[in-house]
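Let me begin by presenting the structure, written as structure tokens, before commenting on it.
The model shown is predicted, which means the values in this text are computed figures rather than measured ones. All heavy atoms count here, side chains included; hydrogens, waters and symmetry mates do not.
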Amino acid sequence: MELYVLTQSGRKAIPVLRKVGKELEANMLEYLGMAEGATVEQVADAMKLDEKTAYDKLRSFSANRWAWRKTTKLAPF
């Protein structure tokens with residue numbers, strides 16, 4: 001199972017994203033911080049997005065080092 005976890009850089013990016021009008025991205029990062037890690041499915045459900053869009057955004061966050069992908073041996077139930 002893959003979890004995406006907010007990094008310190010991501011925490012600092014939230015107000016910057018809000019200032020430039022990227023509310024969705026800021027809200028997604030904020031959700032990752034509150035949830036202390038979330039799967040693609042959880043983020044998609046919380047933000048009311050399809051999973052592909054949520055996955056693409058989370059991969060972008062990972063590339064920007066705003067979030068990191070943590071892989072666990074646990075399986076979702």
Side-chain angles (χ1 to χ4, degrees):
M1 181 165 69
E2 290 184 348
L3 293 174
Y4 287 85
V5 180
L6 186 66
T7 64
Q8 189 62 35
S9 297
R11 202 172 308 280
K12 291 177 183 176
I14 293 171
V16 176
L17 289 169
R18 288 201 195 284
K19 190 177 284 188
V20 296
K22 295 191 174 193
E23 286 295 319
L24 176 61
E25 289 83 352
N27 290 340
M28 288 176 73
L29 288 173
E30 197 170 63
Y31 177 76
L32 289 178
M34 289 188 307
E36 295 184 15
T39 64
V40 173
E41 293 83 9
Q42 290 169 329
V43 172
D45 186 48
M47 299 292 125
K48 297 180 180 27
L49 300 169
D50 62 289
E51 287 184 21
K52 183 185 181 327
T53 303
Y55 179 74
D56 290 344
K57 294 278 187 193
L58 290 169
R59 297 274 299 172
S60 171
F61 294 165
S62 183
N64 287 327
R65 298 179 189 238
W66 293 341
W68 60 278
R69 190 175 67 197
K70 179 179 177 183
T71 305
T72 67
K73 293 183 180 180
L74 297 175
F77 51 89

Hydrophobic cluster identity match, L58 and W68, side-chain contacts under 4.5 Å
no

Point-to-point distance, once rounded to the nearest 0.5 Å, from CD of E30 to CD of E25:
13.0 Å

Count I, L, V, M, F, W, Y as connected when their side-chain heavy atoms are under 4.5 Å apart, and connections chain through other members. Are L29 and V5 then in the same cluster?
no

With side-chain contact (heavy atoms from CB on, under 4.5 Å) as the criterion, how do M28 and V43 come out once you've worked through the C-alpha distance, each side chain's angles and the decisive distance to 0.1 Å?
CA-CA 7 Å; M28 288 176 73; V43 172; 3.5 Å; yes

Check whether M47 and L17 end up in the same hydrophobic cluster, where Ile, Leu, Val, Met, Phe, Trp and Tyr are linked by side-chain heavy atoms less than 4.5 Å apart.
yes

For R65, does the CZ atom sit with more than 12 other heavy atoms under 6.0 Å from it, leaving out its own atoms?
no

Is there a side-chain contact between L3 and T39, using heavy atoms and a 4.5 Å cut-off?
yes

R59 side chain reached by Y4 side chain, heavy atoms, under 4.5 Å
yes

Which atoms form the tightest heavy-atom contact between G33 and L6, and what is the distance?
CA-CD2, 3.6 Å

Between E23 and R18, is there a side-chain N and carboxylate O pair less than 4.0 Å apart?
yes

If you define the side chain from C-beta out and look only at heavy atoms, does anything of K57 sit under 4.5 Å from L24?
yes

